[in-house]
There are 2 protein chains.
Amino acid sequence: MARSKKGRQTRERLFTTALALFREHGFEATTMRDIANGAGMALGSAYHYFPSKVAMVTAYYDQTLDADEERADAAIAAHESLPERLSAFLHAKLRALEPDQRMLSDVFKYTADKTSAAGVFNEDNREIRARAVAVFERLCDTGELKGHALELMPTLLWSTHMAVMLYFVHDDSPRQDRTHALIDGGVEALGPFIALAKTPLLTPMLDHIQKTLSDAGLLKS
Amino acid sequence: MARSKKGRQTRERLFTTALALFREHGFEATTMRDIANGAGMALGSAYHYFPSKVAMVTAYYDQTLDADEERADAAIAAHESLPERLSAFLHAKLRALEPDQRMLSDVFKYTADKTSAAGVFNEDNREIRARAVAVFERLCDTGELKGHALELMPTLLWSTHMAVMLYFVHDDSPRQDRTHALIDGGVEALGPFIALAKTPLLTPMLDHIQKTLSDAGLLKS
DNA sequence: CGCATTTATTGAACGCGTTCGATAAATGGT
DNA sequence: ACCATTTATCGAACGCGTTCAATAAATGCG
């Protein structure tokens, strides 16, 4: 699909049309017939470029991940400490996704679906998942954490970040103030945690958790 | 729907048929036409008793919750400490849900869908959610925890339990051994945590987390 | 250029969950 | 026992995502 130059253009046009309609009317309310129509082609043709409707969302996720990496770069350049970096990264991401909130609230459910093209646990999305965790690995690389705490933190933060996203897509407070407050609260708890992780108090516990999650295949590698 | 005596019987027959088919062929592979047919009625009649296909899953969740409460009773009667209670409860639940794993793996995605009848965050399921958290409240009522730690723990455990369920439905290891191992690992980390929570070391951090989550409306009440 | 192969495009058709208006059966009050 | 109202049952129809066989257009190679 989309192997020729014209093909790539058509695919691009289709994707742009789809995204615009998703943003305007939501994912579920937008029909494949609407999308094909809006892009000036027949229904069947759309399936030449995307194997399914949700596959378009996967493409959107890919795009969002590019933006995430840039936001991480900016946060790393601007801040030395993990809490500050996290705060900057998450607030920036949320602000950027503000126009997409409605479409995301429709679409978030596919995340938990292993068979969906937009599912985080879909084998086809292994690379996307790895890149997403890698973003948090880089944010964590401040020298504050060591050993198993450092191994755990990226995956932990990624999971929490997914939970925050779930909260975000359903947050109807003005400008999503509640989600921003949730982030602030969570980030503030991180400082004391890092301080504790430096003492030997938490070490045995963190070692054990690291081993358990690692055995379960939930940590990278 | 199902207001007369015969009506209740028909509804029961429909539900039993649906559940049997879900367990045998999975949720997605089972058609409303299959269900109606198997229960000896026309397609349209099924919708007189359940407003949608997933609504049948909600009824199943309700049933599972009854069983959860009984399992909690048993765990509380048999064990004094939170880790032991949790371990007993979770292992028992997993063993009981073993035959439903396939259907649950189809169905888990609706959990994150706020508009789905089977969604945890659906307003219509507020009571189900409250009952689910209440199970963990009772498990936590051992005297080991106090203050904000005691307020946090039930919701924390419920969330983790949901994550474990997500792991479970996709666990293809024999007899879901990996999920059971994950539970054991998680429960073992709980003892050290409780010990720490008794010292004043964690108190400020837990207080802060409690306030943040409470402000976000994520804690009970 | 000519031609085989690949890529692009089409619209009808399918299966699904769901909706709907019509009709039959059961119920309850007098 | 009668009739008004509620409950139950039916099957056709709708809208959706998706599939498919057919055809057109573009491409690349000798």
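Labels below follow one simple rule: chain letters A, B, ... track the order of the sequence lines, proteins then strands, and each chain is numbered from 1.
- Atom CZ of A/Arg13 is separated from atom P of C/dT9 by 7 Å (rounded to the nearest Å).
- Put simply, the side chain of A/Arg33 and the base of D/dG15 share no donor and acceptor less than 3.5 Å apart.
- Backbone-only contact: A/Thr31 has heavy atoms under 4.0 Å from sugar-phosphate atoms and none from a base.
- D/dT7 atom P lies 12 Å from atom CZ of B/Arg8, rounded to whole Å.
- Of the charged side-chain nitrogens involved, at least one lies within less than 4.0 Å of a carboxylate oxygen, so that A/Arg126 and A/Glu123 count as a salt-bridged pair.
- Between A/Met32 and B/Thr10, it is B/Thr10 whose nearest contact on DNA chain D lies nearer the 5' terminus.
- One finds no side-chain N or O of A/Ser45 lying less than 4.0 angstrom from the OP1 or OP2 phosphate oxygen of C/dA8.
- Closest heavy-atom contact between B/Ala46 and B/Met32: CB-CE, 4.1 Å.
- Atom CE in A/Met56 sits roughly 11 Å away from atom C1' in D/dG17 (whole-Å rounding).
- Nucleotide D/dC16 holds its P atom 12 Å from the CD atom of A/Glu28, rounded to whole Å.
- Here D/dT18 is the nucleotide among C/dG11, D/dA12, D/dT18 with the atom lying nearest to any side-chain atom of A/Leu43.
- Salt bridge status for B/Glu188 with A/Lys211: absent, with no side-chain N to carboxylate O gap under 4.0 Å.
- If you take CZ of B/Phe50 and P of C/dT18, they are 13 Å apart, rounded to a whole angstrom.
- Listed candidates were D/dT9, D/dA13, D/dG17. Nearest to the side chain of B/His48 is D/dT9.
- Salt-bridge check for A/Asp215 with B/Arg178: failed, with every basic side-chain N at 4.0 Å or more from each acidic carboxylate O.
- For an aromatic pair to be called close, the ring centres must be under 6.0 Å apart, and A/Tyr49 with A/Phe15 fails this.
- Using a 4.0 Å cut-off between charged nitrogen and carboxylate oxygen, A/Asp68 and A/Arg131 do not count as a salt-bridge pair.
- A tilted orientation is assigned to the rings of B/Phe121 and A/His170, their planes being inclined by 30° to 60°.
- A/Tyr47 places its OH atom 16 Å from the P atom of C/dA12, with the value rounded to the nearest Å.
- Of the residues in residues 108-125 of chain A, not one places a heavy atom less than 4.0 Å from an atom of DNA chain C.
- Remark: A/Tyr49 is in phosphate contact with C/dT9, judged by side-chain N or O atoms under 4.0 Å from OP1 or OP2.
- Atoms CG (B/Leu14) and C1' (D/dT7) sit 16 Å apart, rounded to a whole Å.
- Remark: C1' of D/dA26 and CD of A/Gln9 are 14 Å apart, rounded to the nearest angstrom.
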